[in-house]
Every structure is written in C-alpha cells, then in structure tokens.
Peer 1: 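Before anything else, here's the structure in question.
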Amino acid sequence: MLDIRLIRSEPEKVEQALRRRGKEISLKPVLDADARRRALLVEMEALKAKRNEASKEIGRKKKAGEDTDSSMEEMRKVGEQIGALEGKVREVETTLEQLLWNIPNLPDDSVPDGLKEEDNLLVGEWGSPRRFDFAPKPHWEVAANLGIVDFERATKIAGAKFEVFVGAGDRLRRALIQLMLDSHRGRGYVEVGLPLLARRDSLMASGHLPFFEEDQFSIRQEEMFLIPTAEAALANLHRDEILSADNLPMKYASYTPCFRYEKVGAGKESRGLIRQYQFDKVELFKFVLPETSFDELEGLRGDAEAIYQALEIPYRTVLLCAGEMGTASTKTYDPMAWFPGLDKWLELSSCSNCLDWQARRANVRFKRGPKGKPEFVHTLNGSGLAVGRTFAALLENHQQADGSVVIPEALRDYLDGIEKITAVR
RNA sequence: GGAGAGAUGGCCGAGUCCGGUUGAAGGCGCACGACUCGAAAUCGUGUAUCCUGAUUAAUACUCAGGAUCGGGGGUUCGAAUCCCCCUCUCUCCGCCA
C-alpha cells in the first residue's frame, strides 16, 4: 500500500510511475475520497469534543445532585448527528481503503521501462551453457527414463499439473531443499517452518490479494487459502509488531510447498515440472531498515545465485522492466537458469524489494531507539530457489549421453556421496 | 466438537459485580538528569499507537481535538466496565497423527 500522503502531495508523479507498469490508474477518486474523509472528520470530531465535554459535566452535576435532563436531551440529539456522520465516514473510508489496497507498488527509478520480457535488462551472467555431443533432452524425458518422476500416476491422485517423485528422484528433491536451507543458514537466515494455509487478511497484507484471487487455491471449511508462496506467510510473521532497530535486518528462510491455481495452456514452459499446481520452494525473506533495502536486495540476489553456482547451473540475471514486476515490488531481479533441453532461460528465482508497500499492509514497524518514532520496515523476498524447476534444470544441465545425471559436487554430501543417478532397471 | 475461564500499555498487574475528569493505579523494564573518579545502589523526571486540524520546507517539533483496554457491532448524555457476534489463549471432556 502506498502512503496516502505521497498520493496527496504528488499525484501526477504517482500516476506516471504506475503508467510505467502499464497501469492506467486515475488517482482522482482517491484524492476525492481522502478530501471528503477529512472534511467529515473535522465535522464529526468537533461534535464528539462537544459531547465529551458535556458528558463530563453531566457526571459532575449528577454527583452534586443537580438536574441534567436538558443537557442529556441535547446530547442525545448531538449523538444522532454523530451517528449519521459516522456512517458517512465509514462509507468513504471503505471506498478509500479499497482504492488504496488495489494500487500496486511504484517501480524504482533504476528499473527499465517496458512491459515485455524483451525489455528486461541483463545485469549478470555466470557459467556458460554446456556443449553437448548429443541432443539434450527436456527434463521430463530425462526423468522418465530414470524413473524418478511419475506424472501419469500423479493424475490418479490429483489430476493434471502434479507429479510424484520416486526413489532417487525424491531423495534428490529432498537433497536440494536441504542444500538450499543449509546454504542460507550459513548466510545468516533463520530457518522457519510455516503454516501452509493462511487467512484472507494475510494474503491481503502480502499483496497476493486482492490482485490474484483466481490464482489461489482455497478450502471450504474455513475461509483460508493454500499459500502460493512462503512469502505470503512470512510477510505476516511480524504483523502489527514494532521491532527494534537493533534486531534488523531479520532474515528468514523457509521451505514450503506452494500452491498456485494457474490456468495456463500447455506448452514448453508449462510442461514437466515447470508450472505445476503444487511445487516446493525455499523462500528467503528479510525485514530491513529502509536505508539499507537496495543493498539488501543485492545481497538477496547473491544468496539466490549462490545456489545456482553450488549446483553448477549456468544463469543470467535480469533486472525486470517496470511492466513485468510483481504487484508488491519496486525492483526485481530474476536469475534465470539455462535449460538445454528446453533451449530456454527460465527463472528459478525472483528477488524483490517491496520497500514499505508490504510493511504498510501488514503493519510491520520498527523504532530506532526508545524515543524513536515508529517507522515502517522495508521487506524483501526472493526464491532461493524454486525446487521443482531447480530439479528440472539440474537434470537438463547434468544429463549424460547414457541417460544418467551427474550429481554436482556440492550436492553429493546430501546423497550418500553418489556421483550420478542412473536408471534402476 | 461439547462445557467452562480468560484477553488491560514493552512486561507483570489493579480496575470490570455497583458505567462518570481512568489512556488507564501500582510494580518491573527503559530513557534522561542528579549523586559518583566511574559503576552499582538511591533520588527526580519522563516513558503507547493511530487519525484530524493549526503551525511548518517537513509524513521534524509544538499546540488543540478525536480514536484505541483482543476485533467488530449495540445500549447510554457517557462504556475498559452492561449486551451480542467474531478471533485467540487456557482448563476439563470427546476425537486424533
């Protein structure tokens, strides 16, 4: 959520920034509602002040045994006026809130213009795509040949867009999670295990609602949602708290399954493990001092990229253009892995600085000392990494002509030292 | 799921039956000051958040007002105190990995 005071003071600037996202949002209704709200408040608060004073007087008089009927009658009428005004205030505040909760974050000045993938800016590269002396297969073929992922049987349980990891496949999945968590722990993140369900207000705070309601899995017993990412839960970890500046930054890493009801058509980018209804992810999340958030974003990107490097997966990191960024973000890096089987670069991670946009929604603040005024923290989130896609990238990059997959050095400790996965039969 | 008890400021804890200068006693903690070579102890002062208006370069300070005693609604001139709904916590029973 944006600061209403920013909108009030520089509406054209805000509108212009939103336009960079490809959103034409008029702030006129916001400004109107804001002005009307304040006018109503002035009127209502004057009446309340009058009533408060009179009520004290009545208390005093009653104690002294004096007659109070006339002022009580008068205040009853004042009460009616206040009630009427309260109704109007509530109405206009509802309108205003709804408008504010629907405005995305503003892109940072350092973010390139553009609305499409081609407008993203290449800002880093590591490794180079391996030269194959055979035609590299897409991961689903590699996996099928090794018998480590079963898509067909998953449909018996849950339908399309799910998978079953089998044998060495599931051990590999688990090893990836373990490696990621250990790496991040070593870099100062506190590991947390989270609820996988969250209430509506939590997804509102994280910024997943009201924007993407149709992409959320919900359950029927309670009004709750399966989390689309651990970010949705982590953004609420310190909701309504006032943190101490001494404890910042607070850095969390969490492995969770993620659930996304994305109705996208079939194709290279949605086949196999790339776009499923459920996938594993290790998420990184930071609560930081405002003046440090852009440095922290660089650090976050480094923490995510460290995993690519450990797994020896070549990547390119792009700075997303304004139109490609998520709602909550002001600046996002996507490190993208090379998928030789798909002949594509695809993101295994997305690292964003949300400034105070999310912190306002979740009401997470901090104080710079016992006498400091509370300020909103800045929040950052990044995948570190999406496990399903990482699994796929690993198979595609490290596949051998004989169909086996070489396990990168760093991962072997987690797999009893085995050097490659080979077909069982 | 059933029955009952509870939720008060950073923390502990009064007040709730019998509504009235109670944003809230007291204690702890914390901040500042005094004392001290310094510290402890002691003494003094201060110590929630949000909103609106005035002032302002300011979303800094100050002043005035409003709101908040888990959240929402109601009764009343007036609600931390009375009534209703919700959320959460605890105890007992049931169920259960």
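Note that this is a predicted model, so its numbers are computed, not measured. Labels below follow one simple rule: chain letters A, B, ... track the order of the sequence lines, proteins then strands, and each chain is numbered from 1.
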Peer 1: Over how many whole Å does the gap from A:Asp240 atom CG to B:U68 atom C1' extend?
Peer 2: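 From A:Asp240 CG to B:U68 C1': 13 Å.
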
Peer 1: Just by distance, do the side chain of A:Thr94 and the backbone of A:Arg90 share a donor-acceptor pair under 3.5 Å?
Peer 2: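 Here the side-chain-to-backbone pair exists.
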
Peer 1: Passes side-chain contact (heavy atoms from CB on, under 4.5 Å), A:Val288 versus A:Leu248? Steps please.
Peer 2: CA-CA 5 Å; A:Val288 310; A:Leu248 299 178; 5.8 Å; no

Peer 1: Counting distance only, does the side-chain N/O of A:Glu191 pair as donor-acceptor with the main-chain N or O of A:Ala253 below 3.5 Å?
Peer 2: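 It does not hold such a pair.
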
Peer 1: Could you tell me how far B:A3 sits from B:C11 if I compare only their P atoms? Round to whole Å.
Peer 2: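 So the two P atoms sit 33 Å from each other.
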
Peer 1: If a pair means Watson-Crick or G-U wobble with both distances below 3.5 Å, what does RNA chain B look like in dot-bracket form, with | marking bases paired to a different strand?
Peer 2: ((((((((.[[[..)....(.....]]]((((((.......))))))(((((((.......))))))).[[[[[..)....]]]]])))))))....

Peer 1: Between A:Arg51 and A:Arg90, name the one whose nearest nucleotide on RNA chain B is closer to the 5' end.
Peer 2: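 Counting from the 5' end, the first nearest nucleotide belongs to A:Arg90.
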
Peer 1: Holding to side-chain hydrogen bond (donor to acceptor under 3.5 Å, both in side chains), I want the full list of residues that pass it with A:Gln178, two or more places apart in sequence or in another chain.
Peer 2: none

Peer 1: Verify, without hydrogens or angle tests, whether A:Ser352 (side chain) and A:Cys354 (backbone) share a donor-acceptor contact under 3.5 angstrom.
Peer 2: no

Peer 1: Please measure how far the C1' atom in B:G78 lies from the corresponding atom in B:C85, and state the result in whole Å.
Peer 2: 24 Å

Peer 1: In terms of relative ring orientation, are A:Phe211 and A:Trp357 parallel, tilted or perpendicular, with 30° and 60° separating the classes?
Peer 2: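 Tilted: the ring planes of A:Phe211 and A:Trp357 meet at 30° to 60°.
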
Peer 1: Distance check, P atoms only: B:U49 and B:A40, in whole angstrom units.
Peer 2: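 Their P atoms lie roughly 26 Å apart.
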
Peer 1: Which letters describe nucleotides 47-66 of chain B, given B = protein heavy atom under 4.0 Å from base, S = only from sugar-phosphate, - = neither?
Peer 2: -SSSSBS-----S-S---BS

Peer 1: Say whether A:Arg239 and A:Ser202, considering side chains only, have a donor N or O and an acceptor N or O under 3.5 Å apart.
Peer 2: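 Per modelled atom types, A:Arg239 and A:Ser202 side chains form a pair under 3.5 Å.
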
Peer 1: Roughly how far apart, to the nearest Å, are B:C69 and B:A79 at atom C1'?
Peer 2: 11 Å

Peer 1: Rounded to whole angstrom units, what separation is found between the CE atom of A:Met204 and the P atom of B:G71?
Peer 2: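 Rounded to whole Å, this separation is 20 Å.
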
Peer 1: Quickly work out the A:Met224 CE to B:U87 C1' distance and round it to whole Å.
Peer 2: 13 Å

Peer 1: Take atom C1' in B:A80 and the same atom in B:U21, then report the distance between them in whole Å.
Peer 2: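 Those two atoms are separated by 16 Å.
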
Peer 1: Give the intermediate values and the outcome of side chain to side chain donor-acceptor pair (under 3.5 Å) for residues A:Asp334 and A:Ser350.
Peer 2: CA-CA 4 Å; A:Asp334 277 10; A:Ser350 189; 2.6 Å; yes

Peer 1: So, A:Thr317 and A:Glu305: side-chain donor and acceptor under 3.5 Å apart, yes or no?
Peer 2: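 Yes, because at least one side-chain N or O of A:Thr317 sits under 3.5 Å from a partner of the opposite role on A:Glu305.
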
Peer 1: When you measure from every atom of RNA chain B, which of residues 69-82 of chain A have a heavy atom less than 4.0 Å away?
Peer 2: A:Met72, A:Met75, A:Arg76

Peer 1: Find the distance A:Lys63:NZ to B:G20:P and express it as a whole number of Å.
Peer 2: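 These atoms are roughly 8 Å apart.
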
Peer 1: Determine the Euclidean distance between corresponding P atoms of B:C83 and B:A5; express it in Å to zero decimal places.
Peer 2: 12 Å

Peer 1: Please confirm whether the backbone N or O of A:Ser254 pairs with a side-chain atom of A:Glu283, one donor and one acceptor, at under 3.5 Å?
Peer 2: no

Peer 1: Look at the side-chain N and O atoms of A:Arg60 and state whether any lies under 4.0 Å from the OP1 or OP2 oxygen of B:G20.
Peer 2: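 False: A:Arg60 side-chain N/O out of range (4.0 Å or more) of B:G20 OP1/OP2.
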
Peer 1: Without swapping roles, check the side chain of A:Arg361 against the backbone of A:Met204 for a donor-acceptor pair under 3.5 Å.
Peer 2: yes

Peer 1: Could you give the distance separating B:U55 and B:A60 at their C1' atoms, to the nearest angstrom?
Peer 2: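 After rounding to an integer number of Å, I get 12 Å for this pair.
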
Peer 1: Counting N and O atoms only, with roles assigned by atom type, does the side chain of A:Ser55 sit under 3.5 Å from a partner on the main chain of A:Asn52, one being a donor and the other an acceptor?
Peer 2: no

Peer 1: OP1, OP2 of B:C86 versus side-chain N and O of A:Arg199: anything below 4.0 Å?
Peer 2: no

Peer 1: Using heavy atoms and a sub-4.0 Å distance, could you list which residues of residues 98-107 of chain A are near RNA chain B? By number, please.
Peer 2: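 Close to the strand, none.
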
Peer 1: In whole angstroms, how far is the P atom of B:C86 from the CG atom of A:Asp201?
Peer 2: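 Whole-Å distance recorded here is 17 Å.
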
Peer 1: A:Phe287 vs A:Tyr252 aromatic rings, parallel, tilted or perpendicular, using cut-offs 30° and 60°?
Peer 2: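 It falls in the perpendicular class, over 60°.
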
Peer 1: For a quick test of your reading: what N or O donor-acceptor pairs under 3.5 Å do the side chains of residues 10-22 of chain A make, sequence neighbours left out?
Peer 2:
residue, atom, partner, partner atom, Å
A:Glu15, OE2, A:Leu27, N, 2.8
A:Arg19, NE, A:Glu24, OE1, 3.2
A:Arg19, NE, A:Glu24, OE2, 3.3
A:Arg20, NH1, A:Val111, O, 2.8
A:Arg20, NH1, A:Asp113, OD1, 2.8
A:Arg20, NH2, A:Asp108, O, 2.8
A:Arg20, NH2, A:Val111, O, 3.2
A:Arg21, NE, A:Asn105, O, 2.7
A:Arg21, NH1, A:Met325, O, 3.3
A:Arg21, NH1, A:Gly326, O, 3.2
A:Arg21, NH2, A:Asn105, O, 3.2
A:Arg21, NH2, A:Gly326, O, 2.9
A:Arg21, NH2, A:Thr327, O, 3.3
A:Arg21, NH2, A:Ser329, O, 2.7

Peer 1: Is it the case that the side chains of A:Thr422 and A:Ser404 hold a donor-acceptor pair, with the cut-off being a distance below 3.5 Å and no angle test?
Peer 2: no

Peer 1: Can you check the distance between B:U8 and B:C12, where both ends of the measurement are the C1' atom (answer in whole Å)?
Peer 2: 12 Å

